[in-house]
> 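Would you mind keeping the following structure in view while I ask a few things?
A, B, ... follow the sequence lines: proteins, then strands. Residue 1 opens every chain.
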2 protein chains.
Amino acid sequence: MAKTGDSSRAVTAPALSSLDFALDRASPVPLYYQLAQQLEAAIEHGVLAPGNLLGNEIDLSVRLGLSRPTVRQAIQSLVDKGLLVRRRGVGTQVVHSQVKRPLELSSLYDDLEEAGQGPATRVVRNEGVAASADVAAALGVAEGSEVTRLERLRSTHGQPVAFLCNYLPSGLLDLGTNRLESTGLYRMMRSAGITLHSARQTIGARSATAEEARLLDERAGSALLTMQRTAYDDTGRPVEYGTHIYRASRYAFDFQLLVRP
Amino acid sequence: MAKTGDSSRAVTAPALSSLDFALDRASPVPLYYQLAQQLEAAIEHGVLAPGNLLGNEIDLSVRLGLSRPTVRQAIQSLVDKGLLVRRRGVGTQVVHSQVKRPLELSSLYDDLEEAGQGPATRVVRNEGVAASADVAAALGVAEGSEVTRLERLRSTHGQPVAFLCNYLPSGLLDLGTNRLESTGLYRMMRSAGITLHSARQTIGARSATAEEARLLDERAGSALLTMQRTAYDDTGRPVEYGTHIYRASRYAFDFQLLVRP
DNA sequence: CAGTGGTCTAGACCACCGA
DNA sequence: CGGTGGTCTAGACCACTGT
């Protein structure tokens, strides 16, 4: 049955009172997080439909046997994710969303997480080099000091898609070529205890040079997507600088932006 | 051995004790927000240098005459912005960052906020049309229903930079062509009470057609950056769908990603 | 007006880190 | 071990929304 037909005034009260949330106080998982996950699941599965009101926080906290701040913390995390909207004097309701699925970032994941997953990646170069001026500036090291250069060619379905050139601080990671081809840079960093936190990206386009065209099996002069990125860990230290080129005919960046002013 | 965070040996205690934060309880601005702004300013001006510890939350709250949760809320907002890092058992320190300046998004702002600011924008078309299938899907309206189509040509220094084609739900905004050329779409939405919340973007590239080349004063076949975006307000309602093309020789997307897993 | 979220307080116990 | 942030509680008052 489905639906609140009127998109304007969907002030519907949910069947939330009948929803049973299973909170385990013995679990090491924080209560607010358990609640947030179960709320998110309810939204995901349509138990809470777009526009549904959540019911006030006081009642909710009483019903769940939690304090109001704890309930608020759970709700706030979903508001931050863009799944819920709060309005003073009105209530908290599920967002009117077409796109609740791809709420997570990002082309950072596209590239780092998927690296070596589905697509095949061939390591072309993996060596120590002296940092050039731009690399040194991006990684915050002295010009001429040693950094690791990594060049990879990524393909899907037997067709080249991108050429990735990355620079990493020397000694940051143990970059086994075999693992790189099967595991991906991102996972290797994560398992080395490096938590990625932010990245600065520039995305542009240009025509392929003859050499680039040869590498990527394109015609010279065809359009390429270019991306430069510096990635930082959770302490703000640069951990990776990369210059990537993509065949525009086979690749595009697709991501979600959250605006929080 | 990959050793992490040796460069963060700066366990220095800051001159924070001497920092005087001016909190105005009579102000309508929340206390946690006042504190966050002043902390951010201190980081910005280098009073708190990267790596500096902030001092524990309890002391801070006592010194400021605030409760700990309030102080935590202020700190958390800066952690979310990527300016601070918390570590259990260690403390809160200023991030080791090269890039604390451009922490905000995004190409959404690039385009919507700056529209009509520095660069000149000429409105080529501003009319109601019947929604095609892709537009209808993006805006969540019925195919064939009326939407507003807006075509603009943006230039800087007398040179065209981008051609922007946008679709908006009919009646959402009063789109005066004059205001559009001087004020920008984003500001017009904001002053109409629409709060942008998120956007889904696809960025790609391709070669310019003859027509596009003529519009943008490029040669046919030169590389173009393309962007499609659907923007949503804070209730999750689609408020704008756009197809933009940019001269790759004069424009690139530049933005910061925050990873929050 | 009554009801909502927004903010704030003053405590508490726990988990983790470094010495 | 002591100190830190992480979590949680049980209240309180205010600002805003709708009727």
> I need the CD-C1' distance between E57(A) and dG3(C), as an integer number of Å.
12 Å

> Let's see if you get this right: which residues in residues 24-33 of chain A place a heavy atom under 4.0 Å from DNA chain D?
R25(A), P30(A), L31(A), Y32(A)

> Could you report the tightest heavy-atom contact between A74(B) and S77(B), atom names first, then the distance?
O-OG, 2.7 Å

> Identify the heavy atoms of V94(B) and L84(B) that sit nearest to each other, and give their distance.
CA-CD2, 3.8 Å

> Taking all heavy atoms of P238(A) and all of P169(A), pick out the closest pair and write down the distance.
O-CG, 3.7 Å

> Hey, what do you get for CD (E40(A)) to NE2 (H45(A)), rounding to the nearest 0.5 Å?
10.0 Å

> Taking all non-hydrogen atoms of both residues into account, name the closest pair between A131(B) and E143(B) and its distance.
O-CG, 3.6 Å

> I'd like to know if D233(B) and R237(B) make a salt bridge, using a cut-off of under 4.0 Å between side-chain N and carboxylate O.
yes

> Considering only distance and modelled atom types, tabulate donor-acceptor pairs under 3.5 Å from the side chains of residues 26-37 of chain A, sequence neighbours left out.
residue: S27(A); atom: OG; partner: V29(A); partner atom: N; Å: 2.9
residue: Q34(A); atom: OE1; partner: D24(A); partner atom: N; Å: 2.8
residue: Q34(A); atom: NE2; partner: D24(A); partner atom: O; Å: 2.9
residue: Q34(A); atom: NE2; partner: V29(A); partner atom: O; Å: 2.9

> Using the rule given for side chain to side chain contact (heavy atoms under 4.5 Å, CB included), can you reason through L168(B) versus M189(B), listing the C-alpha separation, both sets of side-chain angles and the distance that settles it, and then say yes or no?
CA-CA 11 Å; L168(B) 290 83; M189(B) 284 193 180; 3.7 Å; yes

> On DNA chain D, reading 5' to 3', which nucleotide is the first and which the last to sit with an atom under 4.0 Å from a heavy atom of chain B, could you check?
dG3(D) to dT7(D)

> Strictly below 4.0 Å, heavy-atom distances to any atom of DNA chain D: list the hits from residues 65-74 of chain A, or just say none.
G65(A), L66(A), S67(A), R68(A), P69(A), T70(A)

> Taking it one step at a time, do R87(B) and T235(A) satisfy side chain to side chain contact (heavy atoms under 4.5 Å, CB included)?
CA-CA 10 Å; R87(B) 300 201 224 206; T235(A) 71; 3.1 Å; yes

> To the nearest angstrom, how far is Q93(A) atom CD from dG5(C) atom C1'?
13 Å

> Do you know which two heavy atoms are closest between L64(A) and F21(A), and how far apart they sit?
CD2-CD1, 3.8 Å

> Hey, where does DNA chain C pair up into stems, meaning at least three consecutive Watson-Crick or G-U pairs with distances under 3.5 Å?
C:1-18 with D:1-18

> Using a cut-off of under 3.5 Å, enumerate the N/O to N/O pairs linking the protein to nucleotides 16-19 of chain C.
residue: dC17(C); atom: O4'; partner: R88(B); partner atom: O; Å: 3.4

> Evaluate the criterion side chain to side chain contact (heavy atoms under 4.5 Å, CB included) for residue pair E240(B) and L196(B); output intermediate values, then yes/no.
CA-CA 10 Å; E240(B) 180 237 350; L196(B) 257 42; over 6 Å; no

> For the pair T92(B) and Q76(B), evaluate side chain to side chain contact (heavy atoms under 4.5 Å, CB included) and give the outcome as yes or no after the intermediate values.
CA-CA 10 Å; T92(B) 303; Q76(B) 187 59 47; over 6 Å; no

> Taking the side chain from N52(B) and the backbone from A49(B), do they hold a donor-acceptor pair closer than 3.5 Å?
yes

> Applying the side-chain contact (heavy atoms from CB on, under 4.5 Å) test to L54(B), which of V85(B), V71(B), L48(B), I43(B) qualifies?
L48(B)

> For H197(B) versus G82(A), what's the shortest heavy-atom pair and its separation?
CE1-CA, 3.4 Å

